[in-house]
Amino acid sequence: MKNSLKEHLIPDSFHPIERLKNYVHMGTVRNYQKRDTVVLPGEAINKVIYVLSGKLSVNFLNDDGKQKLMYKAGRYSIVDRLFPLENCFVHVVSDEKSKICFFSKEQLFTIFKQDDEIIYEFIVNYSSKCFHFMNEAKEMALYNPSIRVLRLLYELCLTEGKAVDGVYEINVRLSQRAISEITGVHFVTICRVFGWLRKENILHKTTDKIVIFDLQKLKDLINDDIRC
DNA sequence: CCATTAATATATA
DNA sequence: TATATATTAATGG
C-alpha cells in the first residue's frame with residue numbers, strides 16, 4: 001500500500017501481514033526487552049517469527065566479527081527462520097521492548113488451511129524481500145559508495161518526496177548511521193556526502209525530514225559519475 | 001546517544 | 001599514482 005515502493009529502498013518491515021494476528025493463539029508468544037537476543041547466530045529455531053509490537057533487527061554475521069544489517073521488522077512483520085541453513089549466522093535482536101509470536105511449520109500449515117488469503121500475503125512478503133535484496137545486490141555491483149547514497153536520496157525523493165514551496169520534502173526519520181547501515185557506506189563518508197550536498201545547496205537533512213532544493217543537480221551528479 | 005572533523009591507511013581505477 | 005573510501009580517534013551537540 002503506502003510502502004509499496006519505499007520498502008525496497010529502506011529495508012524496514014517488508015509487507016506486514018496484519019491478518020496473521022488473528023492466529024496468534026496458535027503460536028507461542030514471548031516478550032523481549034531492548035537489545036535482547038531473539039535468535040542467536042547459527043541457532044536453528046525452525047519457526048517463523050511474527051512481530052506483535054516493537055521492532056527487531058536482523059543481522060548477518062561473519063566469522064571475522066564483521067556484520068551487516070539485513071533488515072528491520074516492525075509490527076506485523078515476519079522474520080523467516082523456518083529452515084535450518086548451514087553456516088547461517090543470522091542474529092536477530094530486539095531494537096526495543098517487543099512482543100513476538102513464533103509459529104512452527106505445522107502451525108502455519110494449519111493457518112494456511114483455514115485462511116488461504118494468508119498464503120498470498122506470505123508470497124508477497126517473500127517477493128518484496130527478494131526484490132529488495134536483488135536491488136541491493138545490483139546497487140552494490142554497479143555503483144560506488146557515495147553514488148549509492150545519492151541514488152537512494154534521489155529515489156526516495158521520487159517515491160516519497162512532496163513538492164512544497166518549490167522544494168521537495170521527504171518525511172522520513174533516518175539518521176546518518178541508519179543510511180550507513182542500509183547502503184553499506186561508512187558513516188564518516190555519509191557525513192561528508194551530506195556536508196557537501198548542503199554546501200552545494202542541493203539538499204539538507206534534519207532529524208525527521210530531508211529537503212531537496214535542487215533535484216536536477218542531484219540527478220546530474222548521479223549521471224555524471226556513471227560516465228567515468 | 002548522533003554528528004562532525006582531522007589524520008592516516010587502504011583500495012581502486 | 002591520483003582519487004575515493006574506510007578506519008580510528010578526538011570532540012561537540
Side-chain angles (χ1 to χ4, degrees), chain A residues 6-7 9-13 31-38 41 51 53-75 89 91-99 132-157 160-161 167-228:
Chain A
K6 194 176 90 172
E7 73 181 11
L9 296 174
I10 296 171
D12 193 339
S13 304
N31 288 292
Y32 293 86
Q33 299 303 314
K34 190 175 182 174
R35 279 186 284 276
D36 278 353
T37 286
V38 178
V51 182
S53 67
K55 187 167 278 196
L56 304 181
S57 278
V58 181
N59 298 289
F60 207 160
L61 276 65
N62 263 3
D63 35 21
D64 62 4
K66 288 187 175 177
Q67 68 174 68
K68 165 87 170 80
L69 170 73
M70 292 291 114
Y71 63 100
K72 305 242 181 197
R75 194 151 111 114
F89 291 107
H91 190 202
V92 183
V93 194
S94 64
D95 275 17
E96 51 196 75
K97 193 174 189 290
S98 303
K99 182 177 278 205
H132 168 81
F133 291 112
M134 284 200 291
N135 188 65
E136 190 169 270
K138 177 207 72 183
E139 292 290 314
M140 295 297 277
L142 299 183
Y143 304 102
N144 294 333
S146 52
I147 298 299
R148 291 203 299 274
V149 178
L150 299 180
R151 288 175 56 83
L152 173 66
L153 294 168
Y154 182 69
E155 291 296 323
L156 267 179
C157 186
E160 293 280 307
V167 302
Y168 290 96
E169 289 190 353
I170 308 167
N171 274 298
V172 67
R173 211 182 175 84
L174 267 182
S175 67
Q176 290 190 6
R177 202 164 281 269
I179 295 171
S180 163
E181 287 179 325
I182 291 164
T183 57
V185 180
H186 198 270
F187 66 92
V188 173
T189 304
I190 300 287
C191 182
R192 291 198 60 248
V193 168
F194 275 110
W196 188 82
L197 288 169
R198 197 179 46 207
K199 185 174 66 81
E200 297 290 317
N201 291 314
I202 293 167
L203 63 82
H204 178 64
K205 190 188 91 65
T206 61
T207 311
D208 48 12
K209 73 168 69 162
I210 299 166
V211 182
I212 303 197
F213 305 122
D214 196 337
L215 188 61
Q216 185 58 45
K217 217 164 163 182
L218 182 60
K219 191 180 180 182
D220 291 345
L221 281 170
I222 292 166
N223 295 325
D224 281 353
D225 228 82
I226 286 172
R227 296 194 204 99
C228 300

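The sequence lines fix the lettering, A, B, ..., with proteins before strands; numbering per chain opens at 1.
Within residues 175-182 of chain A, the residues having any heavy atom under 4.0 Å from DNA chain B are, by residue number, S175(A), Q176(A), R177(A).
Using a 4.5 Å heavy-atom threshold, the side chains of F187(A) and I179(A) count as separate. A heavy-atom distance below 4.5 Å is not found between the side chains of N171(A) and E160(A). A heavy-atom distance below 4.5 Å is not found between the side chains of Y32(A) and T37(A). Proximity of I10(A) to V172(A): side-chain heavy atoms (C-beta onward) are separated by under 4.5 Å at one or more points.
Between D208(A) atom CG and dA3(B) atom P there is a gap of 12 Å when expressed in whole angstrom units. Put simply, CG on N144(A) is 16 Å from P on dA11(B), counting in whole angstrom units. What separates CZ of F194(A) from P of dT5(C) is a distance of 14 Å, to the nearest Å. For R148(A) and dA6(C), the CZ to P distance is 8 Å, given to the nearest whole Å. Computed from coordinates, the K34(A) NZ to dC1(B) P distance equals 7 Å when rounded to whole Å. Between I147(A) atom CD1 and dT3(C) atom P there is a gap of 16 Å when expressed in whole angstrom units. Distance, H186(A) NE2 to dA9(C) C1': 11 Å, rounded to whole Å. Remark: P of dT12(B) and CE of M140(A) are 12 Å apart, rounded to the nearest angstrom.
Among the nucleotides dA4(C), dT7(C), dT4(B), the one closest to any side-chain atom of S146(A) is dA4(C).
Side-chain contact, S94(A) with D36(A): no donor N or O sits under 3.5 Å from an acceptor N or O.
Backbone-only engagement by R35(A) is indicated by non-hydrogen atom pairs under 4.0 Å involving sugar-phosphate atoms exclusively. Using a 4.0 Å heavy-atom cutoff across all strands shown, V188(A) reaches at least one base atom of the nucleic acid.
In the displayed structure, K217(A) atom NZ is contacted under 6.0 Å by more than 12 heavy atoms of other residues, nucleotides or ligands.
Distances shown here put a side-chain N or O of T189(A) below 4.0 Å from the OP1 or OP2 atom of dA6(C).
Salt bridge present: E169(A) and K209(A) bring a charged side-chain N and a carboxylate O closer than 4.0 Å.
Between F187(A) and R192(A), the residue anchored nearer the 5' end of DNA chain C, judged by the nucleotide with its closest heavy atom, is R192(A).
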